[in-house]
Amino acid sequence: MGTPSGADSEWLRAVLEQYESRLIRYARRITGDLELARDAVQDTFLRLCAEPGGKVDDYVGPWLFRVCRSRALDLVKAKRPDEGEDGLLGLPSQEDPPPAVLEHKEQLREVMRLVDHLPPHQQEVIRLKFQHGFSYKEISAITGLSIGNVGFLIHVGIKTVKREIESIAPPKERALRRIK
Amino acid sequence: MSNEFEEYKFTAYLLGELDEDERREVEEILATSPSARRQLDEIRETAGLLQEGMQAELLSEPEERLDEGRRARIDRAIASPAAKRAALPWSLLLTSWRPVLAAAASLVVLASLSYWVINEGIGTEKEAVKTVEQTASEQDRPNVVPPAREALDYSDKAGASKQTGVKRDSGALAEVAAPKKEKAAEEHAKLREQPSRPAQRMDEAKGQALNKTRQELEARVPAEAHELSAVAPVPPGVPLPAAAPTERLSMSLQDRAVTSLPPASVTGEVKDVTGGVIPGAVVKLKSPTGDVRQQTATNDNGAFTLSGVPTGQYFVQAEMPGFKTAILGPIQLAGGENRRAEMSLSVGDVAETVTVTAAAPTMTTSSASVASTGVRGRNEARRQIAREPASAPREQDTARKNAAAGPVVVGPVGGGIVDGAGRDQRDKLDRSRLSKDAEFNTESYAQIVENPFVAVSQDPLSTFSIDVDTASYSNLRRFLNSNLRPPADAVRIEEMLNYFQYEYAPPAGRDPIAVHAEVAQAFWKPEHRLVRIGLKAREIPAASRPAVNLVFLVDISGSMAPPQKLPLLREALRLLAERLEEKDSVALVTYAGNSQLVLPPTSGADKATILRALDSLISGGSTNGGGGIKMAYEQALHSFDKKGINRVVLATDGDFNVGMTNQGDLVRYVEEQAKKGVFLTVLGFGIGNYKDSMLETLADKGDGNYAYIDDLNEARRVLVEQMGGTLLPVAKDVKLQVEFNPAEVAAYRLLGYENRVLAHQDFADDTKDAGEIGAGHAVTALYEVVPVGVPVSLPDVEPLKYQTPGRKSASAANREMLTLKIRYKDPAGGASKRMEVPVADDRRVFDQASDDFRFAAAVASFGMMLRDSRHMGATSLEGILEIVRGSKGPDRNGLREEFVRLVEKARESGIGQKR
């Protein structure tokens, strides 16, 4: 049949299985639109299929995210040319007022809400780190930011969240709930 | 006491992102400052919350998947990327030139960027980071190479502007276009000559019918026409850029698909792997672009019929919840044909598809029909399926012969393959090696049934051929590096073991092979013993072998894709690379559309780099080179060795153009270089008996030689001769037979080599081929042994009526555990010679074993884990890591270290938890 390595197909399918929903989730944050996100992810995989074998294999995760990001941004730009360089959108966040006292579950919800309010680059980097599990270096490769930048953004994000949480529930109470 | 800078470092420290020096710095601060520690705690707490919150967000959001249409497009790209790159006549007829060329050019550009990766070594993350940016950012640069498929894909969104982008590109590539068009015109002409029923009928119904159908089909052709090489098909409705050649060519396609022919039909059944029928399965008839032309469902007997099908090419898809979707095809339906299609579904996720290529009209997809011939039959049947597409006539004859063989008989215990007469199904080992590549060409791996424990009382002999190849290790590596678990059947323990080098003393006596054995505990089951057998071939003294300086000039165009071409060459080069030494130099230049220096002159000691470069050889693109031969010679001169053998080795399937349009110029150039001491060797792959006078002239003028290579044996022999003729194999048809002593051993198990098991009588049968062993080469095998007295659960065999087994001879009392017998022939041939080596167990515990032993045991254990073997015992990735870290030894070629990293990767990816 001519496929130099049927192993390619097996591997490609496994990669698709593994990364499909993660990439859609990531792309959706950028495009704000599910169908555009799916387009971006489809194109990303098609590019992977077209890549000469053996080269991308060792770092396929960051590669996929990087390509997906570019594609998603392109698609957004095509749709909304006036968006400017930074096409990063967030999903619209709920506007609930913060509750007075925080249970752990509510704390988590608050964290999610806070992250949604962070500037787009911080959000993206934090999600790449804490949801997708990439290292600083990999995030740098995906986003094009320098490693130092990445570290700084994560740090600032953490500090912001910390500050907001503290303003809601004073440290004394939090200390009571500390588990680790 | 904090400042912003240190705080930022705390976060990085917490997340494990600091390097050693910075980490120590932070730890010092933490040790001395309680306020710093408090800060870190707070950061840790928030980070913990953040992580938890982000994960909760993940869970609260619905998991989105791709829809069917997009999924289908990707599946198609996965299923036959290289077939499209090979630019078969069908697709040539259907496509327009410019997108194809632009796509080819984009592949090449990506390839050249990726060369960068290989050169720098993917090892460090830093480089990987840079490369991700480079390869990925190719897409961002607007004018350089917008892959035409992009232009066409999104032209409905972005409009005309992108179309002009395509045209602009094609202008730049116009000079490349001409030879390709000629080639396609040639193939087009060939096609017209091919007799086929539709065409003949066409002769009768020409004229009016043609016009009518052309109009009808014009609507359909654009939809089907966008099977662009190597990349995504385009959504229907996008018009082809008008071009006279396209029209002319696509007309001949229309000639064939005539609606005045009687319709065809497809009938069949859908069953599961045990043969049970599946009613209510949805059966779809799909066009090559994935459009569903017809749909039906199976009745209570699992049967279906699709009728009224116009002539053409289709795929048949069967789906049922709870099963993997099966796709059969492509099948070509002729007018009035009634095609049988039996489809077998295996349990799994409907979103997964299993594609089987129909090689002949009555081919069944089934593993169901194979199941009835038993497990061993299944191995062989899969080989047959694999062999058919290889299209070498020899292969097909063998396959058909094997298919006619009788019921499978249980021969030697073990996962071997035997037919009714007890003969091994593999005629020549090498052919099975070739079909191994063919195996990788199918969608699934040939199933390996692990060797089970064998009771010595039932069968005290274990016989196998020592032939090993290491292709599957790179495959394994690729899966693991992508954080994916490799499929069990891709894991071959003997290949993993033999990927590494071990310190065996070479033979001292007249035998060309030294036999080594070491016995110690099996760490995954301490009551069991593990026997490591090593065969080491005699070395040729370094002084008497001249250094070689080779530059391979490899044609990697699409036509080199079939298994007897590029994959064969790759395999042969791998073998060659293993024999190289530090004084040797090898470089690799590829050409297809452009020339690339894939591997600069590299010392033979740097095996990891060379093997990586070889792994990256993949075909694709057109056969037009620019300066390929010049680049190759330049590299050869650059690393010229005055006392050595300097050669440019051109590997092609005959249709080559290495950058000098004038034949006379090429010959003159080669002659000149020969005077400087760089000779040319030409290797023709898959040419068969067709003698190419051009190739022979070149080789002649280049003071070199030429060879036509059809199988691995030849490839190996020829390439080894390139090394000056002194690194010949030192022994061939090497077979191993182990006899276990029932007084010491209750049961044994051979780890790996399932496909190399021989019938016991084949050991002494000189007409039965086996593997060969080259100078300095070594082969390692492991047996897991259950000593007498240790309980082992084996299936009960009914006692014999006419014999009383278990009568031991006097030798059984001599405390030997086993005797190794080896048979080999001299490379020149002749009768086989025999060696016999008894082995006793000195009762060592695992930690007393050598580094090599412990490393090999750990590798085998890792393999067993990946296969989820029931024999894997008490093992864990942690345990394996500890062992390999402590047994790396000198590791001159860095391969053991790479293995350590692979195991670490596996652990990070969560492999090692029960599937």
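All figures in this text were calculated on a predicted structure; none of them were measured in a lab. Below, read A as the first sequence line, B as the second, and so on, with proteins coming before strands; counting in each chain starts at 1.
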Might you point out which heavy atoms bring [X] and [Y] nearest each other, and give the distance in Å?
{"X": "A:Val111", "Y": "B:Leu49", "answer": "CG1-O, 4.0 Å"}
{"X": "A:Leu16", "Y": "B:Arg71", "answer": "CD2-NE, 3.1 Å"}
{"X": "A:Phe152", "Y": "B:Tyr8", "answer": "N-CE1, 3.6 Å"}

**Prompt:** Among B:Glu63, B:Gln55, B:Gln51, B:Glu64, which residue forms the greatest number of heavy-atom pairs with chain A at distances under 4.5 Å?
**Reply:**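 Of B:Glu63, B:Gln55, B:Gln51, B:Glu64, B:Glu64 has the most heavy-atom pairs under 4.5 Å with chain A.
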[X] versus chain B, the contacting section by heavy-atom distance below 4.5 Å:
{"X": "A:Val115", "result": "side chain"}
{"X": "A:Leu34", "result": "side chain"}
{"X": "A:Arg38", "result": "both"}
{"X": "A:Ile158", "result": "both"}

**Message:** Tell me every residue that passes ring-ring contact (aromatic ring centres under 6.0 Å, His included) with A:Phe65, counting only those two or more places apart in sequence or in another chain.
**Reply:**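 Partners of A:Phe65 under the ring-ring contact (aromatic ring centres under 6.0 Å, His included) test: A:Tyr26, A:His132, A:Phe134.
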**Request:** May I ask you to name which of A:Ile126, A:Leu23, A:Ile24 has the most heavy-atom pairs under 4.5 Å with chain B?
**Result:** A:Ile24
**Request:** May I ask you to name which of A:Arg22, A:Met112, A:Gln131 has the most heavy-atom pairs under 4.5 Å with chain B?
**Result:** A:Gln131
What distance do [X] atom [atom1] and [Y] atom [atom2] have between them, rounded to the nearest 0.5 Å?
{"X": "A:Lys162", "Y": "B:Gln39", "atom1": "NZ", "atom2": "CD", "result": "7.0 Å"}
{"X": "B:Ile74", "Y": "A:Arg13", "atom1": "CD1", "atom2": "CZ", "result": "11.5 Å"}
{"X": "A:Leu153", "Y": "B:Thr11", "atom1": "CG", "atom2": "OG1", "result": "12.0 Å"}

Can you find a pair of side-chain heavy atoms, one from [X] and one from [Y], that are under 4.5 Å apart?
{"X": "B:Ile78", "Y": "A:Phe45", "result": "no"}
{"X": "B:Leu15", "Y": "A:Phe130", "result": "yes"}
{"X": "B:Met54", "Y": "A:Lys129", "result": "no"}
{"X": "A:Ile154", "Y": "B:Glu17", "result": "no"}

**Asked** Excluding sequence neighbours, so at least two apart, what forms side chain to side chain contact (heavy atoms under 4.5 Å, CB included) with B:Glu908?
**Response**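 Residues passing side chain to side chain contact (heavy atoms under 4.5 Å, CB included) with B:Glu908: B:Lys905.
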**Asked** Does B:Arg70 come within less than 4.0 Å of A:Glu35, counting only side-chain N to carboxylate O?
**Response** yes
**Prompt:** Between B:Arg65 and A:Glu17, is there a side-chain N and carboxylate O pair less than 4.0 Å apart?
**Reply:**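 Looking at A:Glu17 together with B:Arg65, the answer is yes, because their closest N to O distance falls below 4.0 Å.
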**Asked** Would you say A:Gln42's side chain and B:Leu66's backbone share a donor-acceptor pair under 3.5 angstrom?
**Response** no
